[in-house]
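To find a chain, count down the sequence lines: A is the first, B the second, and so on, and within it residues start at 1.
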Amino acid sequence: MNNNPQYEVIWQIVAAIPQGKVATYGQVAELAGLPRGARMVGRCLSQLPRDSKLPWFRVVNASGRISLPEGSEGYVKQLGCLQEEGVAVVNGKIRLSVFRWQL
DNA sequence: ACCGTGACGATAG
DNA sequence: GCTATCGCCACGG
């Protein structure tokens with residue numbers, strides 16, 4: 001299955017994102033100690049089981065957009081979860097200057 | 001080993 | 001704001 005030891009740290013970072021806030025793939029990668037691992041974070045999340053308890057929906061791309069095909073099941077779920085937490089998604093876009101997770 | 005494929009990102013126009 | 005490139009990196013065929 002997931003033999004990649006890096007997934008472990010990625011999961012931990014994602015799990016630490018506060019509710020009502022979001023983080024970008026690149027940000028998660030850096031906090032996980034993987035400077036150019038944005039794609040790896042995306043890959044990691046894509047492998048998560050549908051019933052994962054991880055707040056994967058709090059991860060968006062550097063443009064503040066959901067990186068899933070619009071209209072897809074995942075897109076709808078992510079959008080719903082975010083709005084439920086109070087994250088404003090205007091015209092499919094999130095203001096990172098407001099909702100981005102800051103340490 | 002080679003090549004195409006992504007839930008990416010930075011930059012240029 | 002948008003598209004087009006290019007760099008990046010793990011995986012699978």
Could you run down the sub-3.5 Å N/O contacts of the protein with nucleotides 11-13 of chain B?
none

* Verify same cluster id: Val14(A), Val9(A) (apolar side-chain graph, 4.5 Å) -> no
* Contacts of type salt bridge (Lys or Arg N to Asp or Glu O under 4.0 Å), residue Glu8(A), not counting sequence neighbours -> none
* Structure fact -> Distance col, row Ile17(A):CD1 vs Phe57(A):CZ, nearest 0.5 angstrom, shows 9.0 Å
* **Contact list for residues 81-94 of chain A, test side-chain hydrogen bond (donor to acceptor under 3.5 Å, both in side chains), sequence neighbours left out** => Arg58(A)-Glu85(A)
Which protein N or O atoms sit under 3.5 Å from an N or O of nucleotides 1-6 of chain C?
{"residue": "dG1(C)", "atom": "OP2", "partner": "Lys93(A)", "partner atom": "NZ", "Å": "2.5"}

Could you go through nucleotides 1-3 of chain B and list every protein N or O atom that sits under 3.5 Å from one of its N or O atoms, giving the distance for each pair?
none

* Considering all heavy atoms, the nearest Gly20(A)-Phe99(A) contact -> O-CD2, 3.8 Å
* **Spacing of Tyr75(A) atom OH relative to dA7(B) atom P, expressed in whole Å** => 15 Å
Quiz: residues 64-76 of chain A side-chain donor-acceptor pairs under 3.5 angstrom, not counting sequence neighbours:
{"residue": "Arg65(A)", "atom": "NH1", "partner": "Gly92(A)", "partner atom": "O", "Å": "3.3"}
{"residue": "Ser67(A)", "atom": "OG", "partner": "Asn61(A)", "partner atom": "ND2", "Å": "2.9"}
{"residue": "Ser72(A)", "atom": "OG", "partner": "Pro69(A)", "partner atom": "O", "Å": "2.7"}
{"residue": "Ser72(A)", "atom": "OG", "partner": "Tyr75(A)", "partner atom": "N", "Å": "3.2"}
{"residue": "Glu73(A)", "atom": "OE1", "partner": "Arg50(A)", "partner atom": "NH2", "Å": "3.3"}
{"residue": "Glu73(A)", "atom": "OE2", "partner": "Arg50(A)", "partner atom": "NH2", "Å": "2.3"}

* **Members of residues 21-45 of chain A that approach DNA chain C, where some heavy atom sits under 4.0 Å away** => Arg36(A), Arg39(A), Met40(A), Arg43(A)
Quiz: residues 28-46 of chain A side-chain donor-acceptor pairs under 3.5 angstrom, not counting sequence neighbours:
{"residue": "Ser46(A)", "atom": "OG", "partner": "Arg43(A)", "partner atom": "O", "Å": "2.6"}

* For DNA chain C, the residues among residues 4-20 of chain A that have a non-hydrogen atom under 4.0 Å from it -> Asn4(A), Tyr7(A)
* To do: Measure the shortest side-chain to side-chain distance between Val59(A) and Thr24(A) over non-hydrogen atoms and say whether it is less than 4.5 angstrom.
  => no
* Asked: side-chain hydrogen bond (donor to acceptor under 3.5 Å, both in side chains) with Gln27(A): which residues, sequence neighbours excluded?
  -> Arg100(A)
* Between atom CH2 of Trp56(A) and atom CG of Leu48(A), what is the distance when rounded to the nearest 0.5 Å? -> 9.0 Å
* Could you tell me the separation between the CG atom of Leu96(A) and the P atom of dA10(B), rounded to a whole number of Å? => 11 Å
